[in-house]
2 protein chains.
Amino acid sequence: MAATAPRPGNVFDRNCPSRPVLEHATSRWGVLVLGALLGGTRRFTELRREVDGVSEKMLSSTLQSLERDGMVEREVLPVIPPHVNYRLTDLGRRMARHVRRLYQLVEETLPDVLAAQDAYDRRRR
Amino acid sequence: MAATAPRPGNVFDRNCPSRPVLEHATSRWGVLVLGALLGGTRRFTELRREVDGVSEKMLSSTLQSLERDGMVEREVLPVIPPHVNYRLTDLGRRMARHVRRLYQLVEETLPDVLAAQDAYDRRRR
DNA sequence: CGGTATCCCACGGGATACTG
DNA sequence: CAGTATCCCGTGGGATACCG
């Protein structure tokens with residue numbers, strides 16, 4: 001027992017497998033996709049419109065990560081043209097609710113944040 | 001009023017100034033720094049040890065972003081050798097508590113997540 | 001409609017060296 | 001101790017084109 005990791009099982013340990021999972025959910029687009037899916041089942045194109053600015057490529061890879069981590073369920077309807085639904089799993093919904101509180105707090109306190117940024121920038125000039 | 005942004009003031013709008021703020025707090029190292037500071041005031045080197053794997057450069061720039069956004073306060077003691085304390089502001093503490101719930105949920109549900117990943121990977125082979 | 005494939009760039013991020 | 005400076009690389013991410 002010489003070379004074990006310092007604090008295993010803990011996200012503060014560099015080798016903890018929680019880290020990539022957390023990073024998927026808190027990624028630039030992961031946060032917004034989880035938030036959008038709190039509104040209910042969505043199709044690919046609906047998400048694309050709702051999450052303003054996301055490219056097809058990033059939406060696709062974000063959804064794949066979240067699906068792989070068990071946060072999102074993907075349902076393919078065998079029709080033409082294709083119809084694919086995305087929805088949160090129970091775990092995904094729990095994560096998404098925490099994520100929503102995060103960006104809601106940012107939205108609510110934005111004036112304070114902008115004031116802090118302004119003060120910081122003036123201090124530095 | 002022809003070319004106004006679609007949903008201003010809302011993080012789902014690509015021009016919302018909330019986005020970069022949210023991204024700082026949910027960044028790879030931002031999450032862990034906020035979490036560590038929930039334990040109380042920390043010095044630079046203490047954070048470096050506690051947030052396993054962070055480089056000096058990234059810790060420095062993460063702290064600068066969080067300070068600029070009004071989440072973290074920096075206190076420089078005029079002594080030799082230098083002594084610098086970092087602590088959460090009230091806003092930072094509110095953010096950090098939400099962030100902590102996020103990674104605590106990931107840690108708690110990690111077995112389920114790993115199982116989901118395994119099932120996903122087997123489905124794809 | 002719901003993606004993949006390709007190309008490409010900016011930047012997050014790591015390693016190392018240096019400084020007040 | 002608490003950083004900054006420099007160099008460098010991998011990849012997150014955008015644009016465009018194409019496909020079942």
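Sequence lines set the chain letters: A, B, ... in the order given, protein chains first and strands last, and positions in each chain run from 1. These figures come from a predicted structure and were not determined experimentally.
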Worksheet entry | Min side-chain heavy-atom separation B/Leu34-B/Leu38 under 4.5 Å |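 Heavy-atom side-chain distance check fails, nothing below 4.5 Å.
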Worksheet item: Less than 4.5 Å apart, any side-chain heavy atom of A/Leu22 and any of A/Val11?
Response: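 A/Leu22 reaches A/Val11 side chain to side chain.
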Taking [atom1] from [X] and [atom2] from [N], how many angstroms apart are they, rounded to a whole number?
X	N	atom1	atom2	answer
B/Ile80	C/dT19	CD1	P	17 Å
A/Phe44	C/dC1	CZ	P	12 Å
B/His24	C/dG13	NE2	P	11 Å
B/Trp29	C/dG14	CH2	C1'	10 Å
B/His83	D/dA2	NE2	C1'	11 Å
B/Arg42	D/dC1	CZ	P	16 Å
B/Leu47	D/dG3	CG	C1'	13 Å
A/Leu32	D/dG13	CG	P	11 Å

Is a side-chain N or O of [X] found less than 3.5 angstrom from the main chain of [Y], in a donor-acceptor match?
X	Y	answer
B/Ser60	B/Lys57	no
A/Arg43	A/His83	no
A/Ser55	A/Met58	yes

What's the closest nucleotide to the side chain of [X] if the choices are [options]?
X	options	value
B/Val84	D/dG3, C/dG2, D/dG14	D/dG3
A/Tyr86	C/dG3, C/dG20, D/dG13	C/dG3
B/Thr45	D/dG13, C/dC1, D/dA2	D/dA2

Practice prompt. Give the minimum heavy-atom separation between A/Asp52 and B/Arg19, together with the two atoms involved.
Written response: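 Smallest heavy-atom distance, with atoms named: O-NH2, 2.8 Å.
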Worksheet item: Does a sphere of radius 6.0 Å around CG in A/Asp90 hold more than 12 heavy atoms from other residues, nucleotides or ligands, not counting ones at 6.0 Å or beyond?
Response: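 No - once you tally the heavy atoms of other residues, nucleotides and ligands closer than 6.0 Å, there are 12 at most.
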Worksheet item: If you link I, L, V, M, F, W and Y whenever their side-chain heavy atoms are under 4.5 Å apart, who else ends up in the same group as B/Val79?
Response: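 Taking Ile, Leu, Val, Met, Phe, Trp and Tyr as members, B/Val79 shares its hydrophobic cluster with B/Leu77.
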Discussion item. Can you list, in residue-number order, the parts of residues 56-79 of chain A that come under 4.0 Å of DNA chain D, counting heavy atoms only?
Written reply: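 The stretch gives A/Glu56, A/Lys57, A/Met58 as the residues lying under 4.0 Å from the strand, ordered by number.
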Worksheet item: Under 4.0 Å: is that the gap between some side-chain N or O of A/Arg28 and OP1 or OP2 of D/dG14?
Response: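 For A/Arg28, the contact criterion (side-chain N or O under 4.0 Å from OP1 or OP2 of D/dG14) is met.
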Worksheet item: Is there a donor-acceptor contact under 3.5 Å linking the side chains of A/Arg42 and A/Tyr86?
Response: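 The criterion, which ignores hydrogens and geometry beyond distance, is not satisfied for A/Tyr86 and A/Arg42.
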Worksheet item: If you find the nucleotide of DNA chain D closest to A/Val54 and the one closest to B/Asn85, which residue's nucleotide is nearer the 5' end?
Response: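 On the 5' side of the pair lies B/Asn85.
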Worksheet entry | Axis bend over the full length of the helix from C/dC1-D/dG20 to C/dG20-D/dC1, computed from five pairs that close each end, to 10 degrees |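 Roughly 50°, once rounded to the nearest ten degrees.
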Worksheet item: Which part of the nucleic acid does A/Arg48 contact within heavy-atom distance under 4.0 Å: base, sugar-phosphate only, or nothing?
Response: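 No contact.
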